[in-house]
Amino acid sequence: PPQASITGLYPELTLLQKLPQIAPSGFAPLYSPADWQAYRALFGPEADALTQKRASGQLEFASKLLDTAAANHTSTTQPGLHKLLLTRAGAISYRTTGGFPIADRAVQNLLQTLDQNSPAHVAALWTLTNQISRMSVTPKPQRIRYSALAARANLQLTLLLLESDQLESAQGVIKLVGYHEGWLKADPTTRREIAQVRAEVNRTVTLLEYLDKQYPLAVQGDDKACMSLYLWARYVKNYPTLQSEIITRKPHSPAADLHQTLAAADRDPLACYTAAESLQTLAATQTEGLIKQRILHASLKLYRTFLQSPETENARVKRTLARMAIEAILADGARGPVTLHPLDTLLTAATQPTTQTTASPSTQTASQPSSRPLH
């Protein structure tokens with residue numbers, strides 16, 4: 001699909017926001033035009049006068065937004081207004097001395113209603129936590145905590161962009177996590193997940209560059225190219241329409257034969273051995289890493305299905321060969337889809353009172369650096 005600019009996913013963090021946030025095409029917005037109009041009706045004059053107020057007046061206004069958001073928390077008619085109020089409260093308070101408690105409260109409340117599968121929601125969390133973690137007005141212990149939260153929001157946003165086929169944006173977002181990665185030396189779990197997501201982005205880039213060369217050949221009827229696209233549509237992207245189109249256009253191709261073999265395995269556990277064997281043999285002919293890993297993983301699952309079925313108990317030779325094949329497949333690097341959920345481990349901890357500094361190793365004072373860039 002066309003690559004969209006995701007700038008519109010990030011909420012504006014200026015003191016005075018004059019225009020509503022507009023999400024790029026194909027993405028659900030953080031809030032609707034009606035939510036923006038409701039915000040302006042409630043707070044328009046006060047918001048416009050913020051630049052004329054002292055810091056104390058700005059923080060007082062941010063607190064008012066939080067109180068209104070709390071009252072709007074259970075609203076089913078304007079859920080976007082709640083998130084708009086929270087992001088505005090955070091945007092107004094994060095840069096001001098003494099404003100961290102308000103900004104922190106805004107983030108904690110945002111976490112309570114966060115949809116982890118919404119790029120706009122996660123982008124809002126990433127934008128706020130990234131900025132808060134960089135500010136000198138943020139207490140030092142909390143900068144480390146916010147770096148961990150920002151890193152995980154970054155990873156989740158990257159994965160969502162990959163799912164939406166926005167590869168260029170995913171590459172840009174994952175590069176930004178490097179700043180936070182350096183401050184999480186006492187958080188090996190997050191650092192490991194950063195490496196995993198970064199590797200997934202790189203594998204996807206390599207895969208799409210490979211498929212870009214295969215597609216014109218497939219249009220011309222090349223069997224090998226059609227097989228590569230079929231395997232991608234079945235085991236990487238889960239794209240049934242493309243699978244059907246390839247089989248319809250090339251009904252007597254190796255891809256069509258494999259499709260029939262896999263269909264038989266779906267119906268009969270005894271056919272799983274043949275299907276698994278076919279995939280294992282096919283994997284040896286593949287040069288692209290991600291497709292090969294997914295084929296091997298599919299073969300592994302079929303062999304295990306064959307072994308677990310009571311109907312195969314008397315097929316002793318095949319069962320022995322299946323066990324040997326499983327060992328070989330695991331050694332060859334079978335790998336299923338990435339199942340990371342970066343925000344799961346922090347959502348609960350992040351909603352606890354900020355005075356609890358022993359929630360994770362990354363928040364302990366002893367492990368924090370002695371200095372940090374001030375912005």
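Values below: all heavy atoms of this structure, side chains included; hydrogens, waters and symmetry mates excluded.
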Taking side chain to side chain contact (heavy atoms under 4.5 Å, CB included) as the definition, give me every residue that meets it alongside [X], ordered by chain and number, with sequence neighbours left out.
X	result
Pro20	Tyr31, Trp36
Pro101	none
Arg54	Ser56

Handout entry: Counterpart residues, salt bridge (charged side-chain N to carboxylate O under 4.0 Å, His left out), relative to Arg335 (two or more places apart)
Key = none
[atom1]-[atom2] distance between [X] and [Y], expressed to the nearest 0.5 angstrom:
X	Y	atom1	atom2	answer
Gln156	Leu343	CD	CG	5.0 Å
Thr68	Leu84	OG1	CG	11.5 Å
Leu111	His121	CG	NE2	12.5 Å
Asp48	Gln17	CG	CD	11.0 Å
Thr158	Ile174	OG1	CD1	4.0 Å
Thr97	Met135	OG1	CE	8.5 Å

Shortest non-hydrogen contact from [X] toward [Y]:
X	Y	result
Ala120	Leu30	CB-N, 3.7 Å
Asp67	Arg105	OD1-NH2, 3.2 Å
Ile329	Ser299	CD1-OG, 3.3 Å
Trp126	Ala150	CE3-O, 3.3 Å
Leu162	Lys237	O-NZ, 4.4 Å
Arg88	Leu15	NH1-O, 3.3 Å

Do [X] and [Y] have side chains that get closer than 4.5 Å, going by heavy atoms?
X	Y	answer
Glu311	Asp268	yes
Gln196	Glu193	yes
Tyr230	Ser253	no
Asn117	Glu163	no
Leu86	Leu128	no
Leu231	Gln286	yes
Phe27	Leu161	yes
Leu290	Thr206	no

Flag the pair [X] and [Y] as a salt bridge only when some basic side-chain nitrogen lies within less than 4.0 angstrom of an acidic carboxylate oxygen.
X	Y	value
Lys292	Asp332	no
Arg145	Asp104	yes
Glu12	Lys18	no
Lys53	Glu60	no
Asp222	Lys250	no

Report yes or no: do [X] and [Y] belong to one cluster of Ile/Leu/Val/Met/Phe/Trp/Tyr joined by side chain heavy-atom distances under 4.5 Å?
X	Y	answer
Leu262	Met227	yes
Leu208	Leu217	no
Leu13	Leu85	no
Leu296	Ile291	no
Leu16	Leu42	no

Tell me which donor-acceptor pairs under 3.5 Å the side chains of residues 270-283 have, and how far apart each pair is, sequence neighbours excluded?
residue : atom : partner : partner atom : Å
Ser278  : OG   : Thr274  : O            : 2.9
Gln280  : OE1  : Tyr303  : OH           : 2.9
Thr281  : OG1  : Glu277  : O            : 3.0

Practice task
Apply side chain to side chain donor-acceptor pair (under 3.5 Å) to Asn130 and His180, showing your working.
Solution key: CA-CA 8 Å; Asn130 177 55; His180 302 288; 2.7 Å; yes
Handout entry: Step-by-step side-chain contact (heavy atoms from CB on, under 4.5 Å) determination, Val137 to Phe100
Key = CA-CA 7 Å; Val137 296; Phe100 171 75; 5.9 Å; no
For the backbone of [Y] and the side chain of [X], can you confirm whether one donor and one acceptor N or O come within less than 3.5 Å of each other?
X	Y	answer
Ser118	Asp115	no
Gln116	Val122	no
Ser228	Lys224	yes
Gln166	Ala4	yes
Asp212	Glu209	no

Completion exercise
Taken in chain and number order and not counting sequence neighbours, the residues that satisfy ring pair (Phe, Tyr, Trp, His ring centres under 6.0 Å) with His297 are none
Problem - Other residues, nucleotides, ligands: >12 heavy atoms within 6.0 Å of Arg40 CZ - result: yes
Practice task
Assess whether atom CD1 of Ile22 is packed by more than 12 heavy atoms of other residues, nucleotides or ligands within 6.0 Å.
Solution key: no
Handout entry: Residues Tyr10, Leu157; criterion side-chain contact (heavy atoms from CB on, under 4.5 Å); working and verdict
Key = CA-CA 11 Å; Tyr10 303 126; Leu157 181 57; 4.1 Å; yes
Exercise for the section: Take Arg304 and Leu300, measure what side-chain contact (heavy atoms from CB on, under 4.5 Å) needs, and give me the verdict at the end. Expected result: CA-CA 6 Å; Arg304 285 174 172 169; Leu300 178 68; 3.7 Å; yes
Exercise for the section: Please step through side-chain contact (heavy atoms from CB on, under 4.5 Å) for the pair Leu125 and Val107, ending with a clear verdict. Expected result: CA-CA 7 Å; Leu125 178 65; Val107 171; 4.0 Å; yes
Problem - Thr190/Asp187 under side chain to side chain donor-acceptor pair (under 3.5 Å): CA gap, chis, key distance, verdict - result: CA-CA 6 Å; Thr190 300; Asp187 188 353; 2.7 Å; yes
Practice task
Report the C-alpha distance between Thr138 and Tyr146 in whole Å, list the side-chain angles of each, state the deciding distance to 0.1 Å, and finish with yes or no for side chain to side chain donor-acceptor pair (under 3.5 Å).
Solution key: CA-CA 9 Å; Thr138 301; Tyr146 266 84; over 6 Å; no
